[in-house]
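Accompanying notes for the structure given below.
Here is how names work: the chains are called A, B, and so on, in the same order as the sequence lines, proteins then strands, and each is numbered from 1.
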Amino acid sequence: MEWNAETLQYLSQCFLHTLSPQPEPRRRAESSLSEAADRPNYGLAVLRLVAEPSVDEQIRQAAAVNFKNHLKTRWVPSNDPNAGSTFSPILDPEKDQIKALIVSLMLSSTSRIQSQLSEALAVIGKHDFPKSWPTLLPELISNLQKAAQSSDYASINGILGTANSIFKKFRYQYKTNDLFIDLKYCLDNFAAPLLEIFLKTASLIDSTAAAPGGGSLVTLRPLFESQRLCCRIFFSLNFQELPEFFEDHMREWMGEFRKYLTTNYPSVESSSDGLALVDELRAAVCENISLYMEKNEEEFQGYLNEFASAVWSLLTNVSQSSSRDKLAVTAMKFLTTVSTSVHHTLFAAEGVLQQICQSIVIPNVRLRDEDEELFEMNYIEFIRRDMEGSDLDTRRRIACELLKGIATNYKKQVIDIVSVQIQNLLSSFATNPSANWKDKDCAIYLVVSLATKKAGGTSVSTDLVDVQSFFLSVIVPELQSQDVNGFPMLKAGSLKFFTTFRGLIQKPVAFQLFPDLVRFLGAESNVVHSYAASCIEKLLLVKDEGGKARYTSADITPFVPALMNNLFNALKFPESEENQYIMKCILRVLAVADISSEIAGPCIVGLTSILNEVCKNPKNPIFNHYLFESVAILVRRACERDGSLITAFEARLFPSLQTILATDVTEFLPYAFQLLAQLVELNKPPISPSYMQIFVLLLSPDSWRRSSNVPALVRLLQAFLQKAPHEVNQEGRLTQVLGIFNMLVSSGSTDEQGFYVLNTVIENLEYGVISPYMGNIWNVLFMRLQNNRTVKFQKSLVIFMSLFLVKHGAQNLVDTMNAVQANIFLVILEQFWIPNLKLITGVIELKLTAVASTRLICESPVLLDAAAARVWGKMLDSIVTLLSRPEQDRVEEEPEMPDIAENVGYTATFVKLYNAGKKEDDPLTDVKDPKQFLVASLAKLSAVTPGRYPQMINENLEPANQTALLQLCTAYNCQIV
Amino acid sequence: MADDSLAAHRRDPIKSSVGNVAAQRRRQNAATVGKERRESLVRAKRLCRVGAPGDGDVPFEENDMMTDEEGFLLEDQTSSAVKELKSAVAYQGKGAMQKRVNALRELRRLLSKSEFPPVEAALKAGAIPLLVQCLSFGSPDEQLLEAAWCLTNIAAGKPEETKALLPALPLLIAHLGEKSSLPVAEQCAWALGNVAGEGEELRKVLLSQGALPPLARMMLPNKGSTVRTAAWALSNLIKGPDPKAATELIKVDGVLDAILRHLRKSDEELATEVAWVVVYLSALSNFTTGVLVKSDALQPLVERLATSNSLQLLIPVLRSLGNLVAGDSHTTSTVLIPGHEITDGVVKVLVKCLKSDHRVLKKEASWVLSNIAAGSIEHKQLIYSSEAVPLLLHLLSTAPFDIRKEVAYVLGNLCVAPAAGEGKPNLIKEHLVSLVQRGCLSGFIDLVRSADIEAARLGLQFTELVLRGMPNGDGPKLVEQEDGIDAMERYQFHENEDLRNMANGLVDKYFGEDYGVNE
């Protein structure tokens, strides 16, 4: 793309149109641009456009955004083998020109464009800095010094912002020599200029703040912002280890740091905007001193006392304020680091812990307006933070972390003090419950948060209170409160407590509260009914010693009608239409309760109506998954009790499933196929005609194009083959089934599925039915073997041949194969069967292949022929290896080669429905022990021609296998003579 | 059926999801950004305030604290002393030599008077060309000595002041030779040592001008003070980062023997300086490290560690020992064979260092142990059954961060067998179980919470061992009790991909909630 007036005009027009509210011109412009982006020098042209002062600002902004995104996808090194082939990368000459232009362009542009270009620069830096861009740092530094002389803070902050983004990599990469060479380069060049600008800005702030009026926010904003950036760069450069320069100049840095923590800037901080500005700088300072405290405590020691007291008094103020979250969190993190360090004795002094608890921890744990707002406005986010551990950076959580930190060295004191605090909070609540309800919430939060966390487990522990009596005196009254809508946050906290300590609450106590939990499902608050559902769901998972469920179906059956009713009703509350906690609870109840037809009826009605609803627009995959699991478990457990219910289920489910198939609800297809498979299996033949329609659909190759459908379709096909073998053999359907097998088996990513289909055919159909097709089947398999023989495929082939043999006899196997090509059987045997046999894993598969192989050498004339003695011996050798050695000694792990070519661009993935699962069938129920089968068969065979086989064994088996075989013979008391 | 139950379990992948603990010997990174840690006494540059032995006539003035006024006065005096020297150098008449020596002595006296010598004033007044002139060949020893002394203290100043010595370097080097008197040679060595201590650039200049061989030869005799100064200057000169100088030094005839001899026999002060030479010899080049190992350098190092209580000496000796162990696998595989006397000796002195009050000794001793613990099973057993383990366990819960991290490497290495072939780590169950029972897990979980990513990785690796390796599936319970889940969950969105995957993988594998319904 050449840079001229025409290009300028063209690009300007395009970018203008991308801002158009009309979709038509906008789309056209977007597609012209993405086309142009493939041409060389496109990036350069856009950058020049950004720099063109005559062009309208908003067009240039759009261009700057486009430029940044262009770089993100195309600034890959041209020789990077991992680079996606989708975008043509920017070529080196264009890169060089962009690098030459971008710094000065960024510095001279307006702030919005500047931030885009700064990000673009960071993208380049990520790949090229410093080795392929040696001019960048010197250019930044000389510009920084120039800008500093004229106190041009727009440029200074632009440069510092850029430096900040390119240095960030030092914060999370492992120490390697390469990283350190880069770091040293940055330090050697940038450490001194950084300190210089930091001190210069510091003195500017001091003098401005000291002037009458203390300086305006407008004057001071860029200065504070600048200091914050310096602090973030400090953090990056100091992250790996303490650099010499910073150690030598620690006093200068720490002096300013302390100033920002201890000084107030009334003229700035009087507005909330300005307070946030200074707080951001303070938070950055806290992160830096935390880093020093943690990693360089020896060098930092001299400053520790003053910083600890500065942070402490700062926190005492901040804790009273309801905004200032970030600062509160970073400051508490600093104290936490101190508390767990060797200098923890700072906390040992009389009264310190008391102070910290009272003026820092409690105020930060206490509910604030923001928490209440979140509780009401965004229950999902509230639960995520409150219940699911995404609260790593909330004040409540960090305050508890601080307590835990102090407790590492002062456990008893902390427990004593917190226990007293909890009592105080509770008695304050008692004096006036409706005014002081937050005190009680605070107490509950402390107990729950200070307990040791256990994932998915059934118990937690705490030394803070006696859980039983706390539960009875504090929690139970809330749960028994008749008004389910009063003080919802307290109710939520109590339900959370119950859920957390569910393992420690004795069964009779918990059981008594069951009706109350059911009641709270009717609470209007989304959090409360979600927590009630979650509590029930988790209770049903509690296990006692020995792994037995504590709450059984007999326990809950009396409640089930009311419980189900409330659960389905809860899904009608606004915003809870797709509430995953409720759906998961439904699933769990259906898994535990006795499913009588009185329960099954309303449940299937409820579930299908929800299903019909979500089909219109699937949104929440977790909710949907539990929904399908619920349907599957309902069908399975209800039909287990009463097989006749299947008709009612079919009547309910068919319309929904047909909708999914007919309207092609991609996300749900795998689920629908699995449910259908389940229904087919539960049917008694003859199968109803409505299924046969689906069978037709199943056989259309289109259904199989999407890889996410394939596992579910295979499962459905297997169900049909088992339940309706006769129907399969009509109207040329078997040809279609084998066509599908052919399609699946020819690709490496689906060949296993192809074998499932084939194996099901072989297992369920009479030999007379399949024999006309065998020649074709072998052809397909041999072709694949020729083109792409993975170990996985070869193993599947061995299993298939074994299955064929045990079902239809060795002679049929040999004959059908040799019919394709003379004597190919022995070739396949020697090249594939024998070497892969010892790689077979899985109990059923191992037995199947071992028995089939044994039968082959004991029954098949081809192998019993004297000419085949060597092959016979090798086969036996392989069988003995398979049976005598532990799996890890004979199987090499095969590197998985991902095969992505088949994916046709659907994002839907296959998720297995646990409850619609299929039981593994053993095709060889009459043989129990393959080892015994082997030696017994050999003994019988050898008895016919004594002396022949010991010699063959002697000549062909590895010594270790000869010994192993002998041991087997002894173990089963058989003899090879 | 005999072992059906065994076959019924699908084999867990042997491939560890997390990877090996340390396992490799860890050398210090070649690129460093931190300050070089030499302890106070052995500063890179040294002022010469007391005359070299043999120069008994110099009174030492006990006058450290100076007021500003005195400072200005000193600068004035210095400027005039340089002027005086100038005229003395120009003067060709009778008694010229004595006049020069007097002027030099006065300047030297001013430059030695305080801890902050008036170097700037001397340079401004033009001292360098005059001093160079005073170093010319054939000058009397007294004059050479005084001039070199002045230069020594100028070189002890700020970087640009040290650099001012550039024109004097060829002559200072020339006077190191055997023809010079010992005091002169020693004083020149001192000045050069200060120059070398300044930095890589000046070291390169000195090496290219041939300073190394004569300095090396000064190490050969048994003359205490000279050898000490030469060793100190050499330790500055071979600091690298280019290993060439170290290699060159060890190849100088007789130097290796002299080093070993001084290590064995000389007083602690001299041994300290020599030990610093060994530190750099063993840190920089595989060649020199190998030579030292083959020459039994380990033995005198261990003896010193066993007998001395001087921190100044123990630090370089311990670090040398560590370098020899870390740098050359030959050291652990063929010299430190378990059962040999030397091996027991090493473990014993390391235990002594672990017990010391000084954190540098504790840290470095742990580092050395971690490298020995990366050796064979027998090495691991040796350390495991030594007195070190209780000390290490104590340090893991009480020591400052940097020591804890080193200690964790030792304990972690004790629990994994040497990687066979492709590096699938197998546990040493006995060690793991006993260390965990003795309470080390909480220390490792603390490391998981650390901001330091190496430490965090080590913590996660050990956690994985516990989860995988504790018998009866106790691992997850133990990790839970130490609040380990919470510690790992912090990595859910960490920027370091490796740590993120490790932590998330462990949480999913060992603590993942049953997705379906348990039946």
Between Glu298(A) and Arg359(B), is there a side-chain N and carboxylate O pair less than 4.0 Å apart? yes
Quick one: are Lys175(A) and Asp452(B) in side-chain contact, heavy atoms under 4.5 Å? yes
At a heavy-atom separation under 4.5 Å, does Ala399(B) approach chain A through its side chain, its backbone, both, or neither? backbone
Would you mind checking which part of Phe246(A) comes under 4.5 Å of any heavy atom in chain B, side chain (CB onward), backbone (N, CA, C, O), both or neither? neither
Does Arg490(B) pair with Glu401(A) as a salt bridge, N-O distance under 4.0 Å? yes
Does Gln173(A) use its side chain to pair, donor to acceptor, with the backbone of Asn496(B) at less than 3.5 Å? no
So which atom in Val342(A) and which in Thr398(B) form the shortest heavy-atom distance, rounded to 0.1 Å? CG1-O, 3.2 Å
With chain A as the partner, which of Leu499(B), Val479(B), Asp446(B) has the greatest number of non-hydrogen pairs under 4.5 Å? Leu499(B)
Enclosure of Glu160(B) CD (heavy-atom neighbours >12, cutoff 6.0 Å): yes
Neighbour count above 12 (heavy atom, 6.0 Å) for Lys169(A) NZ: yes
Closer than 4.0 angstrom, basic N to acidic O: yes or no for Asp483(B) and Lys404(A)? yes
Looking only at heavy atoms, the pair that brings Ile453(B) and Arg171(A) closest together is CD1-O, 4.4 Å
Smallest separation among heavy atoms of Glu297(A) and Pro400(B), with atom names: OE1-CB, 3.2 Å
Note: Phe401(B) and Glu294(A) closest approach over all heavy atoms is CB-O, 3.3 Å
Side chain / backbone / both / neither for Ser397(B) at chain A, heavy atoms under 4.5 Å: neither
